[in-house]
Participant: 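So that we are looking at the same thing, I have put the structure below in structure tokens.
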Amino acid sequence: MLDKTFDPTSFETALYERWEASGCFNAGQPGREKADPFTIVIPPPNVTGSLHIGHALNNTLQDVMVRYHRMKGDDTLWMPGTDHAGIATQMVVERQLAQTQQPGRRELGREEFLRRVWAWKAESGGTITRQLRRLGASVDWPRERFTMDEGLSKAVIEVFVRLHRDGLIYRDTRLVNWDPVFQTAISDLEVESREVKGSLWHIRYPVEGGGEIVVATTRPETMLADTAVAVHPEDERYAALVGKHVILPITGRRIPIVADAYSDPEKGTGAVKITPAHDFNDFEVGRRHSLGSPSMLDAEGRVTLAEIGRGSDFLNSLDGLDRFEARKRIVAELEATEALVLVEPHTHQVPHGDRSGVPIEPRLTMQWYVDAATLAQKPIEAVETGRVKFEPKLFENTFFAWMRDIQPWCVSRQLWWGHQIPAWYAPDGQVFVARSEAEAQELAGAGVALTRDPDVLDTWFSSALWPFSTLGWPEQTPALDKHYPTNVLVTGFDIIFFWVARMMMMGEYCTGVAPFSTVVIHGLVRDEKGQKMSKSKGNVMDPLELIDAYGADAVRFTLCALASPGRDIKLAKQRMEGYRAFATKIWNAARFLEMNGIAPDPAWKREDATAPLARWILEKTDAAVASAAASIEAFRFDDYASGAYAFTWGTFCDWFIELAKPTLSGEATDEQAQVKGAAQYALGTILKLLHPVMPYITAELWEKLGYGDAVGLVTAEWPAVPAFATEDLNAGGIDWAIGFIEDIRATRGEFARLDPANAKAWLGATLPISGPGLLAQAGGNAGAIARLAKVTLGDAATGDAAQCAQMVHGGALYLISVGAPIDVAGASKAKRKDIEKLEKDLASTEARLANADFVTRAKPEVLEEMHERKRALGEKLGMEKGVLERLGG
RNA sequence: GGGCGCUUAGCUCAGCGGUAGAGCGCCUCGUUUACACCGAGGAUGCCGGGGGUUCGAAUCCCUCAGCGCCCA
């Protein structure tokens with residue numbers, strides 16, 4: 001017997017353990033050797049991470065698809081794992097070392113430090129994968145991969161070597177985004193703009209031979225490395241100065257005034273200082289004018305005079321100062337020497353490292369670059385030709401915009417944790433890229449001393465290989481053969497560039513095909529006010545806490561139901577309460593069936609179900625199954641959830657169970673047996689239907705009610721929809737009965753509504769209702785109608801209409817004898833309102849039919865519908881007027 | 001500044017050419033063979049403003065306004 005109260009926490013964890021232990025989530029289930037594959041690779045979460053609500057959404061959607069396809073009989077693989085998150089992980093371990101007063105990274109040395117990182121990973125790297133289990137994610141755990149695994153590392157080396165061989169990876173000296181905290185290059189995507197309230201300093205630069213030019217800058221300290229002043233070629237104010245030189249304050253260096261369209265005459269003074277080594281735009285200007293590009297900051301963001309030379313005592317005193325301290329001193333010095341003209345408050349966007357949180361420095365260094373523009377060609381074409389589709393399609397624009405303007409991808413990082421670049425240098429600087437040191441030595445020749453590049457690759461380099469490296473590439477493994485290319489990638493739109501673009505570039509390059517055929521983009525999960533969740537705002541919702549409070553199924557269902565394609569989700573706890581109530585409803589419905597001796601019947605045959613109610617629920621069930629499948633296949637997770645909800649609660653609980661009660665409580669007839677048979681089938685189908693989104697409660701009920709064991713549901717066959725399914729959705733007049741019951745209930749309300757004293761007396765009472773042909777029309781549903789509408793049915797309309805509640809239904813008048821006085825005023829008011837509405841509708845329908853253009857141009861079926869509408873409205877209007885008349889109104 | 005979206009019932013959102021839908025909330029009523037995390041009934045919409053296309057527009061086009069996101 002089911003417990004009276006539904007408590008998800010009492011069975012969720014145990015169920016998951018059984019599922020996992022049984023291996024039912026794994027690909028290659030028995031008998032599916034020849035089945036179609038269905039494959040999703042998880043976008044590998046950061047190994048240092050923990051599950052946030054965005055992961056919960058992302059993985060719920062994947063799980064819905066995966067569980068659905070598994071039930072459809074596909075050989076389904078959901079590949080799990082994590083990425084090694086170079087900077088984040090190194091940061092975590094370094095912080096841990098510092099907190100426990102252990103020697104730092106540099107003191108430990110690379111080898112020992114890496115040993116510590118692996119130790120950390122072994123101990124703490126499983127947080128997020130444990131949490132995925134709590135969510136119910138049905139991934140193939142035995143195949144779990146990590147981007148630093150041996151096989152995946154081998155793939156990384158292989159790709160690097162191949163790219164190098166093909167000239168698609170090269171070393172270059174360019175400006176990179178430099179993170180002074182981590183002292184490494186980071187990618188554009190790891191940089192976020194933050195609005196900063198700063199100043200615009202106007203500085204006077206004396207012109208050689210007399211005069212001056214005032215430049216405006218947000219970064220005065222970089223003037224130490226200025227190599228020019230630029231003015232707009234058409235700016236008449238400065239035309240005479242172009243070609244002359246200025247003498248830089250502080251360093252005393254002589255630099256040219258150049259004409260360059262980069263300078264905006266409208267901004268500041270119209271003259272800008274050019275510091276090629278410290279600004280991306282200036283770097284371009286420098287290149288156009290063949291300027292030098294000395295740096296004035298070192299890797300830690302401290303002033304260095306190494307490239308600009310020593311000079312005055314003041315200049316020399318800056319050596320080694322932090323960049324912000326140097327700015328203060330330089331501004332003070334400029335002020336003291338009256339070189340500072342003006343300081344304006346100025347709010348501007350400053351790039352910050354997303355991990356370190358400090359302003360990044362553009363820094364001129366030699367790094368390894370991937371020729372992304374070339375690699376992007378095939379992915380672009382794949383999307384253009386529809387080989388890869390975005391859902392929703394709109395996001396293809398975002399993809400194109402980025403891919404068509406893609407910059408060289410800097411892949412080297414000055415870190416220790418990651419895939420060390422397979423490049424070795426000879427003493428003369430010659431580079432040998434090879435799969436191993438031995439291979440490099442072979443290339444270099446015996447006896448040449450080789451040093452390996454100390455840098456590692458960007459984490460995204462290995463993540464980009466994830467869809468095939470996890471399946472064994474570069475080996476042509478059976479798994480790769482079967483499951484690659486994968487079917488779907490699911491990700492948030494904020495991460496299109498990280499995942500989608502890079503996986504597609506590498507997939508096309510390495511395997512010749514796109515790594516997936518559909519990209520499902522979902523929105524961000526925000527708080528109920530639509531604000532982004534953040535720790536600082538304190539509005540973060542922890543999915544684990546939500547699961548504890550509402551159950552994993554309710555959390556999953558909520559996310560699924562709210563997942564309109566590509567739209568952000570405003571998540572309120574209230575929604576989860578609502579869907580927890582849904583889970584409770586299912587539980588109670590199951591209990592009701594159990595209490596009525598309705599049990600799974602493997603021998604049950606749908607052909608035997610001839611009773612109208614049985615036929616009716618079977619047909620509704622079939623329609624719900626078809627619609628759920630179509631929604632999931634169309635990636636309409638919201639439609640899937642709301643359709644299943646409406647069917648389960650509205651159709652099955654509110655109508656089927658209620659209509660079945662008279663039969664169930666009566667004699668053990670053949671009809672009762674049929675209704676019970678249909679009921680057990682419908683409930684079993686509901687459990688299957690909801691299993692992709694609510695795996696726990698469905699499995700628990702599946703087992704407790706005796707449909708099978710909870711593990712079995714995972715691979716149970718998705719319900720079949722027989723061909724006769726939608727033939728007759730009004731089997732035996734059930735739909736008529738429902739409409740009739742609804743009208744009686746509404747009529748009661750109208751005729752009792754405004755008179756509380758009487759209302760109470762007869763709202764609760766069973767009243768006689770009669771009308772022409774009623775008993776014949778009600779047929780086998782008479783008992784149910786009587787029960788649900790609280791009436792006793794009679795066949796002919798008799799009695800004094802003025803003393804009865806009157807109901808117009810389907811072109812006939814029905815009288816409900818009332819034991820107490822009816823609310824004449826209230827009913828008249830309601831009728832007048834009905835009549836008004838009917839008159840309005842009729843008038844507009846008639847107007848349309850009177851329009852010659854409409855009659856000649858509208859589709860025939862629309863025209864016919866209008867005629868029928870006119871007829872029905874006219875008929876109903878006439879009858880409602882009669883009702884009002886008899887009421888004396 | 002450039003690009004993309006959004007604006008539909010009090011709230012959150014579906015619908016995207018044939019007379020407006022859901023969930024939640026609200027109001028009234030209700031201990032009936034599961035369920036008060038429930039049941040029954042009800043109210044509520046110039047579908048952001050304006051213009052156009054069409055026999056017909058929430059739905060297509062233009063425009064304005066407000067909001068949001070991305071890129072510079």
Participant: Using a cut-off of 4.0 Å on non-hydrogen atoms, how would the nucleic acid contact of A/S642 be classed: base, sugar-phosphate, or nothing?
Facilitator: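 No contact.
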
Participant: Indicate, with a heavy-atom threshold strictly under 4.0 Å, whether A/N596 touches base, sugar-phosphate, or nothing.
Facilitator: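 Contact class for A/N596: base.
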
Participant: Which part of the nucleic acid, if any, lies within reach of A/I741 when heavy atoms closer than 4.0 Å are counted: base, sugar-phosphate only, or nothing?
Facilitator: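 Here A/I741 touches no strand at all.
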
Participant: If you measure from the P atom in B/G45 to the same atom in B/C11, how many Å do you get, rounded?
Facilitator: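 So the two P atoms sit 13 Å from each other.
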
Participant: Taking the six-membered ring of A/F592 as reference, does the NZ or CZ atom of A/K661 fall below 6.0 Å from its centre and within a 45° cone about the axis?
Facilitator: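 Yes; both conditions hold, so A/K661 lies above the ring face of A/F592.
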
Participant: Hey, does the side chain of A/D568 reach the backbone of A/L524 with a donor-acceptor pair shorter than 3.5 angstrom?
Facilitator: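 Judged by distance alone, yes, a pair lies under 3.5 Å.
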
Participant: Which value, in whole Å, describes the distance between the C1' atoms of nucleotides B/C24 and B/C67?
Facilitator: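 Roughly 24 Å separates the two C1' atoms.
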
Participant: Using a 4.0 Å heavy-atom cut-off across all strands, classify A/K859 as base, sugar-phosphate, or nothing.
Facilitator: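 It contacts base atoms.
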
Participant: Pick the P atom in B/G5 and in B/C46, then give their distance to the nearest Å.
Facilitator: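 The answer is 27 Å between these two P atoms.
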
Participant: Does the structure show a Watson-Crick or G-U wobble partner for B/G66, both distances under 3.5 Å? Name it, or say none.
Facilitator: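 Check on B/G66: paired to B/C6, both distances under 3.5 Å.
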
Participant: Should A/R636 be listed as having a side-chain N or O under 4.0 Å from OP1 or OP2 of B/G15?
Facilitator: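 Yes, within the criterion.
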
Participant: Give me the distance, rounded to whole Å, that separates B/G21 from B/U44 when you measure between the C1' atoms they each carry.
Facilitator: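 Taking atom C1' in both B/G21 and B/U44, they lie 14 Å apart.
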
Participant: By the 4.0 Å heavy-atom rule, please label A/R869 as base, sugar-phosphate, or nothing.
Facilitator: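 A/R869: base contact, heavy atoms under 4.0 Å.
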
Participant: Please tell me whether A/R591 and A/N588 have a donor and an acceptor in their side chains that are separated by less than 3.5 angstrom.
Facilitator: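 Yes, side-chain donor-acceptor contact under 3.5 Å.
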
Participant: Think A/K4 has a side-chain N or O under 4.0 angstrom from the OP1 or OP2 of B/C35?
Facilitator: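 Answer yes for this pair, as a side-chain N or O of A/K4 is under 4.0 Å from OP1 or OP2.
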
Participant: Ignoring hydrogens and geometry, is there a side-chain-to-backbone donor-acceptor pair from A/Y262 to A/V285 under 3.5 Å?
Facilitator: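 Flag not set: sc A/Y262 to bb A/V285 has no pair under 3.5 Å.
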
Participant: Going by atom types only, do A/Y579 and A/R575 share a side-chain donor-acceptor pair under 3.5 Å?
Facilitator: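 On atom types as modelled, these side chains qualify, holding a pair under 3.5 Å.
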
Participant: Return the value, rounded to whole Å, for the distance between atom CD of A/E577 and atom C1' of B/G25.
Facilitator: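 Going from A/E577 (CD) to B/G25 (C1'), I get 12 Å.
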
Participant: I'd like a list of close polar pairs between nucleotides 51-54 of chain B and the protein, N/O only, cut-off under 3.5 Å.
Facilitator:
none

Participant: Is the NZ or CZ atom of A/R580 both under 6.0 Å from the centre of the six-membered ring of A/Y550 and within 45° of that ring's axis?
Facilitator: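 No, cation not above the ring by the 6.0 Å, 45° rule.
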
Participant: Give me the distance, rounded to whole Å, that separates B/U28 from B/U7 when you measure between the P atoms they each carry.
Facilitator: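 Their P atoms lie roughly 33 Å apart.
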
Participant: Under 4.0 angstrom, heavy atoms only, what part of the nucleic acid is A/Y645 near: base, sugar-phosphate, or nothing?
Facilitator: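 Sugar-phosphate, no base atom in range.
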
Participant: Heavy atoms under 4.0 Å, any strand shown: does A/N397 hit a base, just sugar-phosphate, or nothing?
Facilitator: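 Contact class for A/N397: none.
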
Participant: Assess, by modelled atom type and distance only, whether the side chains of A/T5 and A/D3 contain a donor and an acceptor separated by less than 3.5 Å.
Facilitator: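 No donor-acceptor contact under 3.5 Å links the two side chains.
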
Participant: For B/C70, take OP1 and OP2 only and decide whether either is under 4.0 Å from a side-chain N or O of A/T398.
Facilitator: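 A/T398 to B/C70 OP1/OP2: no side-chain N or O under 4.0 Å.
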
Participant: Would a distance-only check, ignoring hydrogens and angles, find a side-chain to backbone donor-acceptor pair under 3.5 Å from A/E750 to A/A827?
Facilitator: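 Checking the backbone N and O of A/A827 against the side chain of A/E750, no donor-acceptor pair under 3.5 Å is found.
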
Participant: Reckon A/R745 has a side-chain N or O less than 4.0 Å from the OP1 or OP2 of B/G39?
Facilitator: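 No.
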
Participant: Using a heavy-atom cut-off of under 4.0 Å over every strand shown, decide if A/E658 touches base, sugar-phosphate, or nothing.
Facilitator: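 Base contact.
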
Participant: Looking only at atom C1', what distance separates B/C69 and B/U54, rounded to whole Å?
Facilitator: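 34 Å, rounded to whole Å.
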
Participant: Base, sugar-phosphate or nothing for A/R591? Non-hydrogen atoms, less than 4.0 Å.
Facilitator: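 Sugar-phosphate: the residue A/R591, judged by heavy atoms under 4.0 Å, touches backbone atoms but no base.
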
Participant: Looking at A/K661 and B/A34, is any side-chain donor or acceptor paired with a base atom of the opposite kind under 3.5 Å?
Facilitator: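 Flag set: donor-acceptor pair detected.
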
